[in-house]
**Student:** 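Take this structure, written in structure tokens, and hold onto it; I'll ask about it next.
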Amino acid sequence: MAQISLTFPDGNQRSYDAGVTAMEVAQSIAPSLAKKAISATLDGAHVDLAWPIEADGAIAINTMKDPEPALELIRHDFAHIMARAVQELWPEVQVTIGPVIANGWYYDFDRKEPFTPEDLEVIEKKMKEIINLRDEVRTEVWDRPRAIEHYKSNNEPYKVELIDAIPGDEPLRMYWHGDWQDLCRGPHLQNTGQLPADAFKLMSVAGAYWRGDSDRAMLQRIYGVAFLNRNDLKAHLHMLEEAAKRDHRKLGREMDLFHMQEEAPGQIFWHPNGWTVYTELQDFMRRKQRAGGYVEVNTPQVVDRKLWEASGHWEKYQENMFIVEVDEEHAREKAVNALKPMNCPCHVQIFNQGIKSYRDLPLRMAEFGSCARYEPSGALHGIMRVRGFTQDDGHIFCREDQIESETAVYIEFLSSIYKDLGFENFKVKFSDRPETRAGSDEVWDKAESALLSATRAAGIEPELNPGEGAFYGPKLEFVLTDAIGRDWQCGTHQVDFVLPERLDASYIGEDGNKHRPVMLHRATLGSFERFIGILIEEHAGKLPFWLAPRQVVVASIVSAADDYVHEVVDALRAAGIRAEADTRNEKINYKVREHSLAKVPVLLAIGMREVEERTLSVRRLGNKQSTTESFDNIVKTLAVEATPPDMIPS
RNA sequence: GCUGCUGUAGCUCAGAGGUAGAGCACUCCCUUGGUAAGGGAGAGGUCGAGAGUUCGAUUCUCUCCAGCAGCACCA
């Protein structure tokens with residue numbers, strides 16, 4: 001029999017008969033290891049202890065002490081156990097797929113009646129019973145005809161379709177958890193009793209399309225989470241509770257920032273507090289853009305369909321546009337307009353006014369562009385995904401050979417803004433050419449390499465999103481991670497060869513001939529609405545001082561202090577600080593509580609002592625202690641603190 | 001858009017086939033209190049919209065609208 005040589009993590013090598021299983025390898029090292037073993041890592045791949053090993057390689061035996069493989073196995077086995085529990089409870093239910101995802105797994109089922117929350121409890125209970133049976137997990141490799149025959153005779157068309165989708169040269173592997181059988185690539189645990197029965201929870205049911213295709217059947221997906229032990233599960237559930245407290249929809253209401261209502265779905269009524277944040281952020285961006293060499297413009301909201309036809313939006317984007325028809329009294333036909341979903345075509349109109357020279361390029365044009373998009377109702381989410389929003393949009397008209405330098409300048413610009421706003425780390429995703437695209441391969445080659453090298457020159461290695469570029473050009477996406485680990489795509493930077501062509505933009509080159517500029521579409525915050533949502537959640541409502549809608553509340557402790565309260569408020573306002581007086585007939589405890597809950601960063605309390613000494617009692621949000629400071633001093637201090645980050649002298 | 005769930009006072013929520021309740025918030029009165037809720041009184045609702053069943057519907061049924069979770073979408 002042929003021999004193979006396996007290398008262990010400590011560098012030792014041993015030889016085995018080809019076809020040895022990882023379990024046998026573990027046994028050969030130590031019976032105690034074999035007892036604890038759950039899987040193996042072979043040349044970086046996660047493998048089942050029961051699979052035969054046929055070639056030389058580097059092997060590591062995993063136990064429950066190795067969190068990564070352990071969690072993957074646990075979650076994967078839980079998926080199977082859940083599917084088994086469901087089929088034991090309702091034998092007519094068809095199982096489809098059930099992968100491991102972050103923190104847990106899901107499994108998609110085909111069942112007529114919807115699963116209810118009560119059903120989830122029943123399923124959980126059943127799963128615990130199954131785990132207690134400590135059933136052996138078995139696996140076999142089947143050939144394709146046998147597997148197809150098996151599922152056809154069991155009338156399981158979903159599985160047959162899955163098999164059809166698996167490339168012909170891959171082995172088909174079957175797993176049994178007890179008597180329950182599923183097609184699965186593995187690996188799995190050896191015994192269902194190895195699952196931590198107290199460290200999982202079924203979370204929710206929701207619809208999901210078969211194979212992610214909205215034209216196909218809607219299945220029912222049950223989500224579960226699982227961890228190595230009960231404490232990790234508890235910690236996860238606690239984290240979810242904390243995340244819910246940061247929800248911008250809840251904080252937006254509590255802080256009186258904005259509201260939304262039925263009559264304007266997906267659109268925001270900004271209250272004075274929220275609008276203060278918005279305008280403060282917009283002022284900041286306007287200063288940044290001026291410093292960054294942009295010219296600011298403003299363009300129409302309602303634009304005739306002719307322009308959208310020319311730009312291609314009418315054909316490609318119509319179902320997302322708000323169409324407005326107007327009866328013109330003397331016209332034969334109704335005038336058809338659309339609310340602008342994007343600003344780019346209008347910006348080209350401005351570019352096209354007059355004759356542009358190569359000396360005008362690169363031309364950086366910016367607009368706080370209000371856009372309206374008819375987003376699908378199910379996509380709406382608070383102020384993060386809306387139908388009416390304002391982009392910090394910009395278009396750079398440049399020559400092809402300026403793409404790289406303009407990209408480099410932009411990355412620097414964006415980094416500076418993110419840094420000022422407290423997001424030091426961000427991810428960059430690079431999307432290259434999709435299958436259907438405009439423009440020659442040669443042009444794509446240049447554009448892609450320009451984006452990549454500019455990004456790398458900035459010291460950033462982008463993640464690749466193969467084939468995810470727009471049809472008109474490759475793009476970079478800038479993704480922020482918030483305090484609880486969620487990703488948000490905000491910034492974008494896209495090369496566009498198509499729109500200048502469609503809208504006939506041109507400039508006169510050094511050679512005296514007309515040339516086509518390239519357009520770079522770019523947005524940094526993305527939309528003010530989404531970005532403010534992110535800021536709220538990132539800071540759990542405790543916005544940085546310069547952005548806080550109400551920066552200071554001056555509260556009287558006794559009404560005899562009211563005059564001094566107003567004097568302080570006036571002085572703070574004169575120093576440019578957003579200050580309010582609270583001279584209501586309430587105790588200081590009440591006022592402290594209320595303004596703390598409203599996330600006011602600084603509370604100045606005034607009693608008779610402060611009046612006499614011309615001081616203030618300063619209480620900062622999050623601090624239980626207060627300090628006493630002089631009137632003049634606190635005004636100066638707070639005025640400095642209120643300076644936006646881009647205006648702080650370095 | 002799809003599947004499921006939800007919609008009762010400004011907010012959070014209870015309730016029931018016989019036209020509604022709590023706490024907080026709000027208004028007024030008392031209280032001038034030193035750092036996270038002082039006391040009392042009062043006002044406030046076409047029970048998301050429309051239709052149907054019923055003697056009677058906010059409650060049951062249907063349709064629509066909106067929200068929530070997920071999927072799909074996301075130039």
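The structure displayed is predicted, hence computed values, not measured ones. Each chain gets a letter, A, B and so on, in the order its sequence line appears, and its residues count up from 1.
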**Student:** Looking only at side-chain atoms of A/A206, point me to the closest of B/G70, B/G7, B/A36.
**Tutor:** B/G70
**Student:** Could you state the CZ-P distance from A/R387 to B/C74, rounded to the nearest angstrom?
**Tutor:** 16 Å
**Student:** State which of B/G48, B/G38, B/A69 makes the closest approach to the side chain of A/E586.
**Tutor:** B/G38
**Student:** For B/G45 and B/A22, measure between their P atoms and round to the nearest Å.
**Tutor:** 14 Å
**Student:** Regarding A/Y223, tell me which of base, sugar-phosphate or nothing describes its non-hydrogen contacts under 4.0 Å with the strands shown.
**Tutor:** sugar-phosphate
**Student:** Tell me which of A/S596 and A/Q494 sits closer to the 5' end of RNA chain B, going by the nucleotide each one is nearest to.
**Tutor:** A/S596
**Student:** Return the CG to CZ distance between A/D441 and A/R437, rounded to the nearest 0.5 Å.
**Tutor:** 4.5 Å
**Student:** If we call it a pair only when both distances are under 3.5 Å in a Watson-Crick or G-U wobble match, what pairs with B/C28?
**Tutor:** B/G40
**Student:** Answer with base, sugar-phosphate or nothing: what part of the nucleic acid does A/Q391 contact at a heavy-atom distance below 4.0 Å?
**Tutor:** nothing
**Student:** Look at all strands and tell whether A/L219 reaches a base, only sugar-phosphate, or nothing, counting heavy atoms closer than 4.0 Å.
**Tutor:** nothing
**Student:** Using both distances under 3.5 Å as the test, list the Watson-Crick or G-U wobble partner of B/G33, or none.
**Tutor:** none
**Student:** Side chains of A/L251 and A/K599, heavy atoms from C-beta outward: is any pair under 4.5 Å?
**Tutor:** yes
**Student:** What integer number of Å spans the C1' atoms of B/C2 and B/A57?
**Tutor:** 31 Å
**Student:** Ignoring the backbone of A/V592, work out which of B/A72, B/A36, B/G34 is nearest its side chain.
**Tutor:** B/A36
**Student:** Take atom C1' in B/U59 and the same atom in B/C68, then report the distance between them in whole Å.
**Tutor:** 23 Å
**Student:** Categorize A/R385 for me: base, sugar-phosphate, or nothing, with a 4.0 angstrom heavy-atom threshold over every strand shown.
**Tutor:** base
**Student:** Measure from the side-chain heavy atoms of A/S204 and tell me the nearest of B/A69, B/U32, B/C73.
**Tutor:** B/A69
**Student:** Pairing check on B/G45: which nucleotide meets the Watson-Crick or G-U wobble criteria with it, both distances under 3.5 Å?
**Tutor:** none
**Student:** I want to check one thing: is the phosphate of B/G1, taken as OP1 and OP2, less than 4.0 Å away from some side-chain N or O of A/S377?
**Tutor:** yes
**Student:** Between A/K306 and A/D304, is a salt bridge (Lys or Arg N to Asp or Glu O under 4.0 Å) present by the stated rule, with each step listed?
**Tutor:** CA-CA 5 Å; A/K306 286 199 279 290; A/D304 194 281; 3.7 Å; yes
**Student:** Using a cut-off of strictly less than 4.0 Å, decide whether A/N589 has a side-chain nitrogen or oxygen near OP1 or OP2 of B/A36.
**Tutor:** yes
**Student:** Closest to the A/P265 side chain: B/A36, B/A66, B/G33?
**Tutor:** B/A66
**Student:** How long is the line joining CG of A/D110 and C1' of B/G4, in whole Å?
**Tutor:** 15 Å
**Student:** By the 4.0 Å heavy-atom rule, please label A/R253 as base, sugar-phosphate, or nothing.
**Tutor:** sugar-phosphate
**Student:** Would you say that A/M519 contacts A/F351 through its side chain, given a criterion of any heavy-atom pair below 4.5 Å between the two side chains?
**Tutor:** no
**Student:** From NE2 of A/H259 over to C1' of B/G67, roughly how many Å is that when rounded to an integer?
**Tutor:** 14 Å
**Student:** The side chain of A/S214 is closest to which nucleotide in this list: B/G48, B/A72, B/C74?
**Tutor:** B/A72
**Student:** Kindly determine whether A/R111 and A/D119 satisfy salt bridge (Lys or Arg N to Asp or Glu O under 4.0 Å), including the steps that lead there.
**Tutor:** CA-CA 13 Å; A/R111 180 194 189 214; A/D119 289 340; 3.5 Å; yes
**Student:** Taking any heavy-atom pair under 4.0 Å as a contact, classify A/K591: base, sugar-phosphate, or nothing.
**Tutor:** nothing
**Student:** Can you see if the side chain of A/Y590 gets near the phosphate of B/A25 - specifically, an N or O under 4.0 Å from OP1 or OP2?
**Tutor:** yes
**Student:** Give A/M203 one of three labels, base, sugar-phosphate or nothing, depending on what nucleic acid heavy atoms sit under 4.0 Å from its own.
**Tutor:** nothing
**Student:** In whole angstrom, give me the gap between the P atoms of B/G44 and B/A20.
**Tutor:** 14 Å
**Student:** Take the protein atom CZ of A/R373 and the nucleotide atom P of B/C74, then report the distance between them rounded to whole Å.
**Tutor:** 11 Å
**Student:** Write down the distance separating the P atoms in B/U8 and B/G67, rounded off to the nearest Å.
**Tutor:** 14 Å
**Student:** Counting only side-chain nitrogens and oxygens, does A/R249 get under 4.0 Å of the OP1 or OP2 atom of B/A69?
**Tutor:** yes
**Student:** Return the nucleotide paired to B/G21: Watson-Crick means purine N1 to pyrimidine N3 with N6-O4 or O6-N4, wobble means G-U with N1-O2 and O6-N3, both under 3.5 Å.
**Tutor:** B/C13
**Student:** Could you check which of B/G33, B/U3, B/G34 has an atom nearest any side-chain atom of A/V558?
**Tutor:** B/G33
**Student:** Output the single nucleotide from B/A72, B/G34, B/C71 whose closest atom is nearest the side chain of A/P376.
**Tutor:** B/A72
**Student:** Indicate, yes or no, whether a donor-acceptor pair under 3.5 Å links the base of B/A36 to the side chain of A/R619.
**Tutor:** yes
**Student:** Select base, sugar-phosphate, or nothing to describe what A/A470 touches, counting heavy atoms under 4.0 Å on all strands.
**Tutor:** nothing
**Student:** Could you check how far CD of A/E375 sits from P of B/G67, rounded to whole Å?
**Tutor:** 13 Å
**Student:** Please state the C1' separation for the pair B/A25 and B/A9 - nearest whole angstrom.
**Tutor:** 11 Å
**Student:** Hunt down the Watson-Crick or G-U wobble partner of B/G7, both distances under 3.5 Å, from any strand shown, or write none.
**Tutor:** B/C65
**Student:** When the distance from CZ of A/F109 to P of B/U3 is rounded to whole Å, what number comes out?
**Tutor:** 20 Å
**Student:** Just the rounded figure in Å: distance from C1' of B/G34 to CG of A/D582.
**Tutor:** 15 Å
**Student:** When you compare B/U46 with B/A51, how far apart are their C1' atoms, in angstrom units rounded to a whole number?
**Tutor:** 16 Å
**Student:** Can you tell me if the side-chain N/O atoms of A/H381 get under 4.0 Å from OP1 or OP2 in B/G70?
**Tutor:** no
**Student:** Quick check for you: among B/G34, B/A37, B/C71, whose closest atom lies nearest to any side-chain atom of A/I588?
**Tutor:** B/G34
**Student:** Taking the side chain as every heavy atom from C-beta outward, state whether A/T524 and A/Y410 have any atom pair closer than 4.5 Å.
**Tutor:** yes
**Student:** Determine, for A/F227 and A/R75, whether the Lys NZ or Arg CZ falls below 6.0 Å from the six-membered ring centre while staying within 45 degrees of the axis.
**Tutor:** yes
**Student:** Please tell me if the side chains of A/Y317 and A/W308 come closer than 4.5 Å, counting only heavy atoms from C-beta onward.
**Tutor:** no
**Student:** Which whole-number value in Å describes the distance from A/R221 CZ to B/G70 C1'?
**Tutor:** 8 Å
**Student:** Of A/K245, A/K250, A/R249, which meets side chain to side chain donor-acceptor pair (under 3.5 Å) against A/D247?
**Tutor:** A/R249
**Student:** Is the A/H80 ring parallel, tilted or perpendicular to the A/Y107 ring (thresholds 30°, 60°)?
**Tutor:** perpendicular
**Student:** Counting distance alone, no hydrogens or angles: does the base of B/G34 have a donor or acceptor under 3.5 Å from a partner atom on the side chain of A/E610?
**Tutor:** yes
**Student:** Considering only the C1' atoms, how many Å lie between B/U53 and B/C62, rounded to the nearest integer?
**Tutor:** 11 Å
**Student:** Does any nucleotide pair with B/A57 by Watson-Crick or G-U wobble geometry, both distances under 3.5 Å, and what is it?
**Tutor:** none
**Student:** Tell whether A/Y209 reaches the base of B/G1 with its side chain through a donor-acceptor pair below 3.5 angstrom.
**Tutor:** yes
**Student:** I want to confirm an ordering. Mapping A/G382 and A/K587 to their closest nucleotides on RNA chain B, which one lands closer to the 5' end?
**Tutor:** A/K587
